[in-house]
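Numbers restart at 1 for each chain; the letters A, B, ... are given by sequence-line order, proteins then strands. The analysis underlying the following values was restricted to heavy atoms, covering all of them including side chains, and did not include hydrogens, waters or symmetry mates.
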Amino acid sequence: MITRMSELFVRTLREDPADAEVPSHRWLVRAGYIRRAAPGIYSWLPLGYRVLRKIEQIVRQEMDAIGAQEVHFPALLPREPYEATGRWTEYGPNIFRLKDRKDGDYLLGPTHEEMFTLLVKDLCSSYKDLPLNLYQIQTKYRDEARPRAGILRGREFVMKDSYSFDIDDAGLQKAYDLHRSAYVRIFDRLGFDYAIVQAMSGAMGGSASEEFLAIAENGEDTFVRSPGGYAANVEAVHTAAPEPIPFEDAPAAHVEDTPDTPTIETLVALANDRFPREDRPWTGADTLKNVVFMVTEPDGTRAPLAVGVPGDREVDLKRLAAQLEPAEAEVFTEEDFAANPGLVKGYIGPARTPGGAGLGEESASTVRFLVDPRVVSGSRWLTGANEPGRHVFDLVAGRDFTPDGTIEAAEVRAGDPAPDGSGPLELARGIEMGHIFQLGRKYAEALGLKVLDQNGKLVTVTMGSYGVGVSRAVAAVVEGTCDEKGLCWPREVAPFDVHVVVAGKDAAALEWAADLGRKLDEAGIAVVLDDRKASPGVKFADAEIMGMPTIVVVGRSLADGLIEVRDRASGERTEVAVDDALGHLLAVVHGMPDLGEPDLVEPVAE
RNA sequence: CGGGGCGUAGCGUAGUGGCUAGCGCGCCUGCUUUGGGAGCAGGAGACCGCGGGUUCGAGUCCCGCCGCCCCGACCA
């Protein structure tokens, strides 16, 4: 069956929808692929749904190819399993919750670790049942604080999630590597320009974790990469810390009056004016900036946390949050300062005052104090003296103060050295398309998933968890491929291979085009035929917005025995003799080099 | 949750407290047109986000709510 534009359920828009900012959202709506149903929730129209299913199919093929088995869980789930792992509480307002008629608690699944774990627990009891690799392609629900950019971040979305179950770490590593290779094939087939980066495991728990980021201006994730191949999400970047410095010869710390210097800028200016150094001027990098946060644990307990970073850097709140998860950090408010008189805003430092102020568990104020990894033993700092208008010079880490630990919370900058010595980092943005985790035993332990090993001993199963954003991939492909005229699909995911435009008014053109469409269809090529009684300009514009990779124009040159074949992506136009048309198109669609050769496939007799 | 912008027909929009809420696109009917978003004529389509209030009179002013978009917070 060829699809006729006169019958296709689609309406293209001549103007941009006012609420769409990013290109993928704009074009998918304008081309009639999706419609907004509610904030962050979209309906899929025939064209959009075809793309979604094609991407699903690619994912399905590659998952099957590594021996994963497809299952399908409900989206509507009972509370109990999520209660057992603590996520009923941990997910907080991000979960859609509902009650049944008996007042029982349910949720719309945001992810399915619990359900998979319980199913495997149900059915598996021996090491002989492992390894096991299950996946599903499911609609997920998360009540995002801010859905944005159409289907790039929705509250309802389609995700492929899979879970591996192994008896030991070696098995988990193998399952992880298999998934990684499958993901490489998936994202290659989707045509993404992507990066595989080290990631934080976040709320999922677990250890090793990598993200697949489609490189895109509109991506929400910032990542770094070095010429030598280091790549990491900015949240997961490890700072290249200098070696400890011997401090036997370091001068003693001394407190100086530094009136009106509550900021690094004012402090550096005053230091250069009143305490100039011979070798080089003071800079922000010589100062230790101590920023205080109020940290709230999941159980509701609150405590201040001081973070010490070189004064020329800001604390990156996303990096800080990633380190503290599941606890949450907020900047210290005026009320918080009022409640903690030992913390003198603008002059906070690790130095002990006679009154016992200062940072760290050992100080009287017992404010937990974590520092940037650059604050190594022996490094000398100009920092707050915990008194208004006073700073301490030559305060040496490891001699004059001992932080409670280090934290990766300072901002990462382009040009910073990679931690593995592979060169300076560059920053780029990406869309998170896939994430692979070695979960370990967190869920298996919480839910009691154990099997008997060869010695008849009960052992806890180790798990991996792996996700691909399927609906997000639709938008991400568009972000990477659309142009100023509209969508521009890679052939693997295009809703149709060939868009036939009937540009002439005479019935012969329509008839010939329909016949060509029928023959292509019989050869297994998906065709949409624009048979509408519309002006050619409308049809050309619609073909370009809709974005099929090959556009065939059947018009007045048909009288001269010619049609036109256009490549949507390059804009290239080729005149082809009608007798060669079928063969030419088969070659184009199948990516064969010898274009123009007719009869590559014998058309089926009508 | 904080800051900013904004809700008028399917889409994009105009609208000094004052007549029957206007325009473009799209849609319907007829005729003409057909290689780059056609022309003419006629038509359908709007509880102006919702609820209060001020006023002789509210799309317009005031209060409250809801919703959308952007930035931030947040987010496998």
> So, is the end of the Arg566(A) side chain (NZ or CZ) under 6.0 Å from the ring centre of Phe540(A) and within 45° of the ring's axis?
Replying inline: yes

>> Can you check the distance between rG5(B) and rC61(B), where both ends of the measurement are the P atom (answer in whole Å)?
In response: 15 Å

> For Asp16(A) and rC25(B), what is the distance between atoms CG and C1' respectively, to the nearest whole Å?
Replying inline: 13 Å

> Residues two or more places apart in sequence or in another chain: which of them pass salt bridge (charged side-chain N to carboxylate O under 4.0 Å, His left out) with Lys289(A)?
Replying inline: Glu314(A)

> Contact class for Arg153(A) (heavy atom, under 4.0 Å): base, sugar-phosphate, or nothing?
Replying inline: base

>> Going by salt bridge (charged side-chain N to carboxylate O under 4.0 Å, His left out), name the residues that satisfy it together with Glu144(A), two or more places apart in sequence or in a different chain.
In response: Arg153(A)

> With a 4.0 Å cut-off, would you call Glu210(A) and Arg180(A) a salt bridge?
Replying inline: yes

> For the pair made of CZ in Arg319(A) and P in rC75(B), what is the distance, rounded to whole Å?
Replying inline: 16 Å

>> Please report the distance separating the C1' of rG26(B) from the corresponding atom of rA38(B), rounded so that it comes out in whole Å.
In response: 15 Å

> Who are the ring pair (Phe, Tyr, Trp, His ring centres under 6.0 Å) partners of His179(A), not counting sequence neighbours?
Replying inline: Tyr466(A)

> How many Å lie between CZ on Arg155(A) and P on rG67(B), as a whole number?
Replying inline: 9 Å

>> Closest-nucleotide mapping onto RNA chain B: is Pro17(A) or Gly40(A) further toward the 5' terminus? I mean the 5' end.
In response: Pro17(A)

> Considering only the C1' atoms, how many Å lie between rA14(B) and rC48(B), rounded to the nearest integer?
Replying inline: 12 Å

>> Please give the distance between the C1' atoms of rG4(B) and rA44(B) as a whole number of Å.
In response: 39 Å

>> Suppose you measure atom C1' in rG59(B) against the same atom in rA46(B); what distance do you get, rounded to whole Å?
In response: 11 Å

>> Rounded to whole Å, how long is the line connecting atom CZ of Arg532(A) with atom C1' of rG26(B)?
In response: 12 Å

> If you draw the axis of the six-membered ring of Trp88(A), does the NZ or CZ of Arg97(A) fall within 45° of it and under 6.0 Å from the ring centre?
Replying inline: yes

> Between Gln136(A), Arg60(A), Lys160(A), which is the residue that forms a side chain to side chain donor-acceptor pair (under 3.5 Å) with Glu70(A)?
Replying inline: Arg60(A)

>> Taking only the C1' atom of each, what is the distance from rU54(B) to rU60(B) in whole angstrom?
In response: 13 Å

>> Rounded to whole Å, please give me the gap between CD in Glu220(A) and C1' in rG72(B).
In response: 13 Å

> Could you state the NE2-P distance from His435(A) to rC75(B), rounded to the nearest angstrom?
Replying inline: 14 Å

> What integer number of Å spans the P atoms of rA58(B) and rA73(B)?
Replying inline: 45 Å

>> Between C1' on rA73(B) and CD on Glu144(A), what's the gap in Å once rounded to a whole number?
In response: 13 Å

> Once each nucleotide of nucleotides 27-41 of chain B is scored for protein heavy atoms under 4.0 Å, what B/S/- sequence comes out, 5' to 3'?
Replying inline: -------BBBBS---

> Should the ring pair His435(A) and Phe437(A) be called parallel, tilted or perpendicular, given that the plane angle runs from 0 to 90° and is split at 30 and 60?
Replying inline: parallel

>> Does anything in residues 7-31 of chain A form a ring-ring contact (aromatic ring centres under 6.0 Å, His included)? List the pairs, not counting sequence neighbours.
In response: His25(A)-Tyr42(A)

> So, Asp161(A) and Lys140(A), do they make that salt bridge, N to O below 4.0 Å?
Replying inline: yes

> In whole angstroms, how far is the C1' atom of rC69(B) from the CG atom of Leu152(A)?
Replying inline: 15 Å

> If you write RNA chain B from 5' to 3' in dot-bracket form, with Watson-Crick or G-U pairs under 3.5 Å, [ ] for crossing pairs and | for pairs with another strand, what do you get?
Replying inline: (((((((..((((....[...)))).((((((.....)))))).....(((((..]....))))))))))))....

>> Using the C1' atom as the point on both nucleotides, what is the distance between rU8(B) and rG24(B), in whole Å?
In response: 15 Å

>> Base, sugar-phosphate or nothing for Tyr466(A)? Non-hydrogen atoms, less than 4.0 Å.
In response: nothing

